[in-house]
Protein chains: 2
Amino acid sequence: MRKNSLIPRVNANCATCSLRELCLPLGLNEHEIILLDKLVSHKCKIQRGEFLHRAGLRFQSLYAIRRGFFKTCILEKDGRQQVTGFYMTGELLGLDAISTETYNCDTVALEDSEVCEVPFAKLEEMSRNIPTLMHHFHKIMSREIVKDHGVMMLLGSMRAEERLAAFLLNLSRRFVKRGYSASDFILRMTREEIGSYLGLKFETVSRAFSRLQDENIISVNNKHVSIHDMDRLRSKVGNS
Amino acid sequence: MRKNSLIPRVNANCATCSLRELCLPLGLNEHEIILLDKLVSHKCKIQRGEFLHRAGLRFQSLYAIRRGFFKTCILEKDGRQQVTGFYMTGELLGLDAISTETYNCDTVALEDSEVCEVPFAKLEEMSRNIPTLMHHFHKIMSREIVKDHGVMMLLGSMRAEERLAAFLLNLSRRFVKRGYSASDFILRMTREEIGSYLGLKFETVSRAFSRLQDENIISVNNKHVSIHDMDRLRSKVGNS
DNA sequence: TAAAAGCCTTGATTCAGATCAATTCATAGG
DNA sequence: CCTATGAATTGATCTGAATCAAGGCTTTTA
């Protein structure tokens, strides 16, 4: 977290958090959750457009998203920017920073958000005594790797429309897990950010949206997306 | 590891292994290394072209590469294949399998190789008592994530020649770490496998090689690559 | 040692997506 | 509330990489 302590903090509380089955505490018993609660002592609010942290800052903590939506991106020296991920509630930010002890990417809130700070050294210390916690943490890291391999597949071998279809299906699945509609949601990111993530220019993203709409598979109204035909959307992926 | 036990096994020995500073034991003291040795009790040889494991097999162990070279790839249902990584000595295979408890990718030896089996449950157990080991393992996983983000950047925003240049520089760096020449090496993979990894067709890879050669930056003779002008090769990356 | 199979290179052509450009639409700020 | 700024759409054109095709080289194996 930035030194700038204008960012408000309040107590976190895993035991009563509705996200606990999506988040770090998965599988812990009552007693263990109380221990974890001591570790995750601070929540902090990040306004839309603000940085949780910038690349280069020294790594201390992971952040679990309690509310809101983030993007992470890396910046090449020549100015090119690549969005490396979009993160929603219950997901962990900062896993890439463990290796270098420095955050490797800029992390920006795409809507008003709130994160729980997880001091990493303490997490490691605690996980020595809570094998379930350790194991689940390993699964979370491994899942990140699997996710990235999926994106590599997408970037390496899919065409524009396929990429967008895969992207929408991925968002949909994650919304469902959180109790939201599978077929009706608001995009938090711009066409340009989607394009960066999918390896496309924003005009191409826009055209791909329009084409899916013309085929009556989805409808798009600016940031509002409705999926009308989930099966045909699915068949767009991996059929080319 | 496959049940098929024709694959020969011999005792491993981290304490005397020349790769130990690249591999899992990094930072451990003499006593701790001896403990780790008990855990990593089996080595096993894999001939060129053979699978270490296939996607779908139940996950039990990570594998540290003692000798040789591997590729990992995932297969889409429509038959498309994507190479997700190339791995050399001292690197860990199987990190992606922790999340699903099933190997997610096919892992194939690209030359005669030897791996050390690391039973994962035992590694977790042991790392409870050896904080250095736990921390280093976390760094290794995190490094994998950072590496994947780099590949996403490459796939998302670089052009063919840039991608190949970045790829060669990456190989070069890894060879140096292992005591080999930075500028002179043998590729273990085909043009098609390079292409799959870089999101290009093999003809494009071949042309990119030829162009770098025409510019006297490298010379290529089939699988043998010599880098003549490291600076110009570097300037190919991130200058477009 | 020859034949076969796979791998690599290079040329010609095509095409998906990038780029350039013009408008419209939405949101934020004065 | 209106204006300004950024976001999105859509069209026209261009281009880098894919595709199609042919031939040479290497490695394997019979």
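Just so you know, these numbers use all the heavy atoms, side chains as well, and skip hydrogens, waters and symmetry mates. Order of the sequence lines fixes the chain letters, A, B, ..., with proteins taken first and strands second; residue numbering starts at 1 for each chain.
Residues that satisfy the salt bridge (Lys or Arg N to Asp or Glu O under 4.0 Å) test with A/E161, not counting sequence neighbours, are A/R211, A/K236. B/R48 meets the salt bridge (Lys or Arg N to Asp or Glu O under 4.0 Å) test with no other residue; sequence neighbours excluded. With sequence neighbours excluded, no residue forms a side chain to side chain donor-acceptor pair (under 3.5 Å) with A/S206. Judged as a salt bridge (Lys or Arg N to Asp or Glu O under 4.0 Å), and not counting sequence neighbours, B/K201 has no contacts. B/S18 meets the side chain to side chain donor-acceptor pair (under 3.5 Å) test with no other residue; sequence neighbours excluded. Residues passing the side chain to side chain donor-acceptor pair (under 3.5 Å) test with A/N170 are A/R174, sequence neighbours excluded. For B/D229, the salt bridge (Lys or Arg N to Asp or Glu O under 4.0 Å) criterion is met by B/R232, not counting sequence neighbours. Shown here are the side chain to side chain donor-acceptor pair (under 3.5 Å) partners of A/S113, two or more places apart in sequence or in another chain: there are none.
Electrostatic pairing of B/R67 and B/E114 counts as a salt bridge here, judged by a charged N lying under 4.0 Å from a carboxylate O.
Nearest-nucleotide positions on DNA chain D for B/N222 and A/K223 put A/K223 closer to the 5' end. Heavy-atom distances to DNA chain D give each of A/N221 and B/N221 a nearest nucleotide, and the one nearer the 5′ end belongs to A/N221.
Only A/F202, A/E203, A/S206, A/R207, A/S210, listed by number, bring a heavy atom of residues 195-214 of chain A to less than 4.0 angstrom from any atom of DNA chain D.
Ring orientation note: the planes of A/H53 and A/Y63 are tilted relative to one another, at an angle of 30° to 60°.
When DNA chain D is scanned in the 5' to 3' direction for atoms under 4.0 Å from non-hydrogen atoms of chain A, the outermost contacting nucleotides are D/dA8 to D/dA12. Of all nucleotides in DNA chain C, those with any atom nearer than 4.0 Å to a heavy atom of chain B start and finish, going 5' to 3', at C/dC8 to C/dA12.
Here the side chains of B/L212 and B/L233 are in contact, with some heavy-atom distance below 4.5 Å. Looking only at side-chain heavy atoms (C-beta outward), B/V108 and B/L52 stay at 4.5 Å or farther from each other. Counting only heavy atoms from C-beta outward, the side chains of A/F209 and A/V225 approach each other to under 4.5 Å.
Between its opening and closing five pairs, the helix from C/dT1-D/dA30 to C/dG30-D/dC1 changes axis direction by 50°, a value rounded to 10 degrees.
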